[in-house]
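As a basis for the values below, the full set of heavy atoms in this structure was taken, side chains included, without hydrogen atoms, waters or symmetry mates.
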Amino acid sequence: LALMLINGTPYRLLFGSDVVNDGVYLELQDPRLPGHQVVLVAFRSDKDGQVSITAFEKEIPLLVVMQFLDAVRTEWPAAGV
């Protein structure tokens with residue numbers, strides 16, 4: 001678990017393993033939402049290395065998306081994100 005400060009909001013970054021889908025994920029949680037709701041998830045498949053992004057909110061500020069993608073690039077530099 002790490003914190004990412006974006007426009008004064010301390011978003012949470014959580015890295016984990018997804019055994020069922022055979023890969024790893026990085027999720028961004030918004031502390032302003034109930035239960036620190038997940039707003040973005042990046043998933044990297046162990047099968048083929050492909051990375052996909054899923055959004056769980058309709059409107060996410062562009063700066064939040066861009067900084068999340070920067071975090072994904074840092075975690076998985078070879079993923080081509």
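- Among residues two or more places apart in sequence or in another chain, the salt bridge (charged side-chain N to carboxylate O under 4.0 Å, His left out) test is passed with D22 by none.
- Every pair passing salt bridge (Lys or Arg N to Asp or Glu O under 4.0 Å) that includes a residue from residues 29-40 is listed here, sequence neighbours excluded: D30-R32.
- To the nearest 0.5 Å, atoms CD1 (I60) and CG (L40) are separated by 4.0 Å.
- With sequence neighbours excluded, the residues forming a side chain to side chain contact (heavy atoms under 4.5 Å, CB included) with Q67 are M4, I6, L63, listed by chain and number.
- Residues that satisfy the side chain to side chain contact (heavy atoms under 4.5 Å, CB included) test with P61, not counting sequence neighbours, are V64.
- Under the side chain to side chain donor-acceptor pair (under 3.5 Å) criterion, the residue pairs touching residues 49-58 are Q37-E57, with sequence neighbours excluded.
- Between V39 and F68, the closest side-chain pair of non-hydrogen atoms is not below 4.5 Å.
- The heavy-atom pair separating P10 from L5 by the smallest distance is N-CD1, 3.8 Å.
- Here CG of L28 is found 8.0 Å from CG of L26. Values are rounded to the nearest 0.5 Å.
- Hydrophobic clustering (ILVMFWY, side-chain heavy atoms < 4.5 Å, transitive): V38 and V65 are in distinct clusters.
- V24 is linked by a side chain to side chain contact (heavy atoms under 4.5 Å, CB included) to F15, R44, W76, counting only residues two or more places apart in sequence or in another chain.
- Taken to the nearest 0.5 Å, the CD atom of Q29 stands 11.5 Å off from the CZ atom of F56.
- Considering only residues two or more places apart in sequence or on other chains, D18 meets the side chain to side chain contact (heavy atoms under 4.5 Å, CB included) condition with V20, N21, Y25, F43.
- Contacts of D48 classified as side-chain hydrogen bond (donor to acceptor under 3.5 Å, both in side chains), with partners at least two apart in sequence or in another chain: S45.
- Taken together through direct or relayed side-chain contacts under 4.5 Å among Ile, Leu, Val, Met, Phe, Trp and Tyr, L3 and V72 form parts of separate hydrophobic clusters.
- The other residues sharing a hydrophobic cluster with M66 are L62, where clustering joins ILVMFWY side chains under 4.5 Å apart.
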